[in-house]
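Sequence lines set the chain letters: A, B, ... in the order given, protein chains first and strands last, and positions in each chain run from 1.
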Amino acid sequence: MSRESTLDRPLPNSQLERQNDALAPPSINQWKRTGETWLVGLLLPATLALGWEISVAQGWSDDRLLPTVSTILVALWELFQSGELLTHVANTLQRVLLGFVFGTLAGTVLGSLSGYWPLVRRLLDPTLQALRSIPSIAWVPMFILWFGIFETSKVVLIAVGVFFPIYLSLSDALRNVDRKLVEVGQSFRFRHHELILRILLPATLPTYLVSLRTGLGLGWMFVVAAEFMGAEYGLGYLLIDGQQTGRPAVILGAIVAFALLGKLTDWFLAILARRWLRWQDGFQSGVEHA
Amino acid sequence: MLEIRKIQKRYPNDFLALADFSLSVKQGEILVIVGGSGCGKSTLLRLIAGLDQPTAGSISLDGTPVLGPRPEIGVVFQEPRLMPWLTIAKNVAFGIRHLPAEEQRQRVAQVLKRVGLSSLAERWPKELSGGQAQRVALARALVGQPEVLLMDEPYSALDALTRHDLQEHLLSLWVDQQPTLILVTHDIEEALFLADQVVVLQSQPGRVKSSFPIHLERPRQREDTLFLQWRSRLLKELDHANRVSETSSGPVTRQHQTTAVG
């Protein structure tokens with residue numbers, strides 16, 4: 001009896017303790033330390049911004065080409081109040097998300113196929129690798145000819161950018177899934193789709209989620225290029241518009257908006273990843289990261 | 001009845017792992033196969049499991065040939081091989097995924113209770129000890145109620161105490177379901193503790209050197225005089241098997257002997 005009970009108890013595993021530490025609210029000391037790190041990091045930009053603000057206010061220098069932070073915020077606020085900012089953000093966000101979804105779908109399907117079937121890989125991979133070496137922006141003129149200058153060509157360009165990192169890491173990760181786990185599936189007579197859905201894809205999930213974040217980052221990069229090629233709305237359009245109408249505050253405002261949106265969407269994926277990867281037993285997998 | 005008839009396994013790199021290998025195992029028997037490393041023990045189990053095909057000869061279970069993995073044959077590997085992304089209960093349910101959800105739930109609960117791990121059903125594999133993980137692997141193999149259970153050095157990575165516990169535990173489970181049990185090991189004591197029949201293998205190429213029915217009464221005591229006599233007899237046999245097949249490399253033989261003593 002006593003044997004059963006000792007065997008039965010879960011391990012007082014150091015891993016678990018580490019994880020619980022990470023989930024517990026940080027102590028006051030930790031907060032203080034995080035706060036200090038933040039303050040130190042902010043010191044340089046804040047001093048520069050403040051210095052610039054004062055120097056412009058005193059009339060020592062001209063803010064025609066480099067607006068002060070307050071001017072940027074005012075510009076953003078005006079854009080927001082007129083409703084323009086929201087339209088631009090909505091347009092850009094829609095393009096990125098559509099491109100991301102299509103790119104992810106294509107990357108996932110083709111990546112799975114070429115990672116699973118050697119024949120498909122031999123057939124597909126050389127061509128895709130060749131295409132990958134072309135800078136995607138180089139396709140812009142072709143895409144405009146094929147899909148017109150409106151939404152389709154933009155979404156396609158973004159999707160192409162998102163596609164490659166996902167295809168590449170998924171097909172590679174699949175080929176490197178632990179053979180021993182696959183064998184368990186074989187001993188239970190899994191069919192192809194069961195093997196893929198129940199063993200291979202979950203096993204590659206950590207890599208896959210990282211590739212989604214890489215893909216999304218590229219999506220944000222490509223949306224700027226896409227909106228440069230002629231758009232009526234969108235943050236990329238706002239950049240061009242700011243340049244053509246000589247309003248640097250608007251350009252910088254758009255850049256700030258890009259930064260915030262990029263961080264926000266990446267953060268969203270990071271949270272999903274943490275939820276889905278609770279099972280991971282890695283060096284530091286339980287440890288909080290920014 | 002599991003029948004292995006004159007099988008041969010030659011790997012693509014021309015390595016002959018098994019040659020002219022025949023064996024028959026009665027329903028409900030515990031057969032333990034011992035041999036030094038590289039004598040084709042694992043190869044043999046993989047062939048019986050249908051994970052690999054022999055290059056010649058045939059394997060049949062109750063008259064039908066084994067051409068691939070079959071539901072009547074369960075496997076426990078040397079490592080637990082649990083899916084790290086599934087909870088313990090879901091890992092066990094892997095073996096009966098075709099059943100309706102409610103029945104799956106019941107049978108998983110039942111088998112987890114039998115291996116004494118009910119309280120860990122919702123845990124992740126990373127939270128288990130080595131012995132617990134290996135018991136989950138056993139539960140996963142047993143949940144489909146196989147006729148034949150194959151085990152490939154299942155306890156070799158565990159400490160002696162846990163190993164003894166799990167051997168007793170395995171016997172108590174076997175009494176319930178009485179599957180044919182084929183276990184491969186390099187641990188003579190483990191073999192004697194469990195087996196109705198011990199088969200000693202000789203390597204390069206792997207083949208049966210000798211076979212002993214063990215008529216010791218259960219539960220067996222490891223300190224029993226008869227047990228110890230059998231132990232030294234089997235050790236000699238195993239040592240001899242290693243010597244014969246590895247005349248070229250003396251030190252390796254010594255090494256085998258020490259692992260066999262465990």
Side-chain angles (χ1 to χ4, degrees), chain A residues 1-20 22-23 173 177-209 273-286, chain B residues 45-46 49-52 68-71 73-88 90-91 93-98 112-113 115-120 122-135 137 140-141 143-144 146 150 161-162 164-166 168-169:
Chain A
M1 252 0 261
S2 65
R3 170 175 70 90
E4 280 302 302
S5 60
T6 49
L7 281 173
D8 225 13
R9 211 174 303 136
L11 280 186
N13 183 320
S14 63
Q15 183 75 38
L16 272 180
E17 281 161 19
R18 178 139 50 92
Q19 222 177 14
N20 291 338
L23 292 176
V177 170
D178 189 354
R179 181 188 55 79
K180 292 176 172 169
L181 293 185
V182 177
E183 227 170 57
V184 172
Q186 284 166 345
S187 79
F188 286 123
R189 293 167 305 127
F190 276 21
R191 293 167 205 286
H192 288 298
H193 69 275
E194 286 175 308
L195 214 52
I196 293 180
L197 290 177
R198 283 167 173 266
I199 296 184
L200 295 172
L201 288 183
T204 51
L205 193 62
T207 319
Y208 181 65
L209 287 172
R274 208 175 304 162
R275 267 189 74 85
W276 288 344
L277 299 179
R278 272 175 306 166
W279 50 269
Q280 257 191 323
D281 187 18
F283 167 66
Q284 301 209 350
S285 23
Chain B
L45 274 202
R46 291 177 57 83
L51 287 169
D52 220 338
R70 283 170 54 163
I73 303 179
V75 191
V76 176
F77 296 95
Q78 198 167 348
E79 324 79 12
R81 302 197 184 182
L82 304 178
M83 307 296 141
W85 54 87
L86 294 179
T87 59
I88 300 312
K90 285 187 179 145
N91 259 294
F94 232 56
I96 45 169
R97 67 198 189 288
H98 52 278
L112 278 178
K113 196 171 169 198
V115 299
L117 293 177
S118 298
S119 58
L120 303 185
E122 297 309 318
R123 300 274 181 161
W124 303 112
K126 68 174 176 184
E127 300 172 65
L128 305 190
S129 69
Q132 289 170 334
Q134 198 55 282
R135 281 198 286 166
R140 181 177 63 188
V143 74
L150 306 175
L161 214 63
T162 314
H164 289 179
D165 270 346
L166 290 186
E168 278 169 40
H169 173 250

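To the nearest 0.5 angstrom, B:R140 atom CZ is 7.0 Å from A:S187 atom OG. Note that the NZ atom of B:K126 and the CZ atom of A:R278 stand 9.5 Å from one another [nearest 0.5 Å]. Atom-to-atom distance recorded for A:F188:CZ and B:R70:CZ is 16.0 Å, nearest 0.5 angstrom. Remark: B:Q78 CD to A:K180 NZ distance equals 7.5 Å, nearest 0.5 Å.
Between A:W279 and B:W85, the angle of the ring planes goes over 60°, which puts this pair in the perpendicular group of the 30/60° scheme.
Proximity to chain A (any heavy atom under 4.5 Å) is restricted, for B:F77, to the side chain, taken from C-beta onward. Interface residue B:L82: only backbone heavy atoms are found under 4.5 Å from chain A. Heavy atoms closer than 4.5 Å to chain A are found in both the backbone and the side chain of B:P71. A:I199 touches chain B through backbone and side chain together, each having a heavy atom under 4.5 Å away.
Counting only heavy atoms from C-beta outward, the side chains of A:E194 and B:R97 approach each other to under 4.5 Å. Side-chain contact between B:R81 and A:E183 is present, with heavy atoms from C-beta onward closer than 4.5 Å.
Residue with the most contacts toward chain A among B:P84, B:G95, B:G50: B:P84 (heavy-atom pairs, distance under 4.5 Å).
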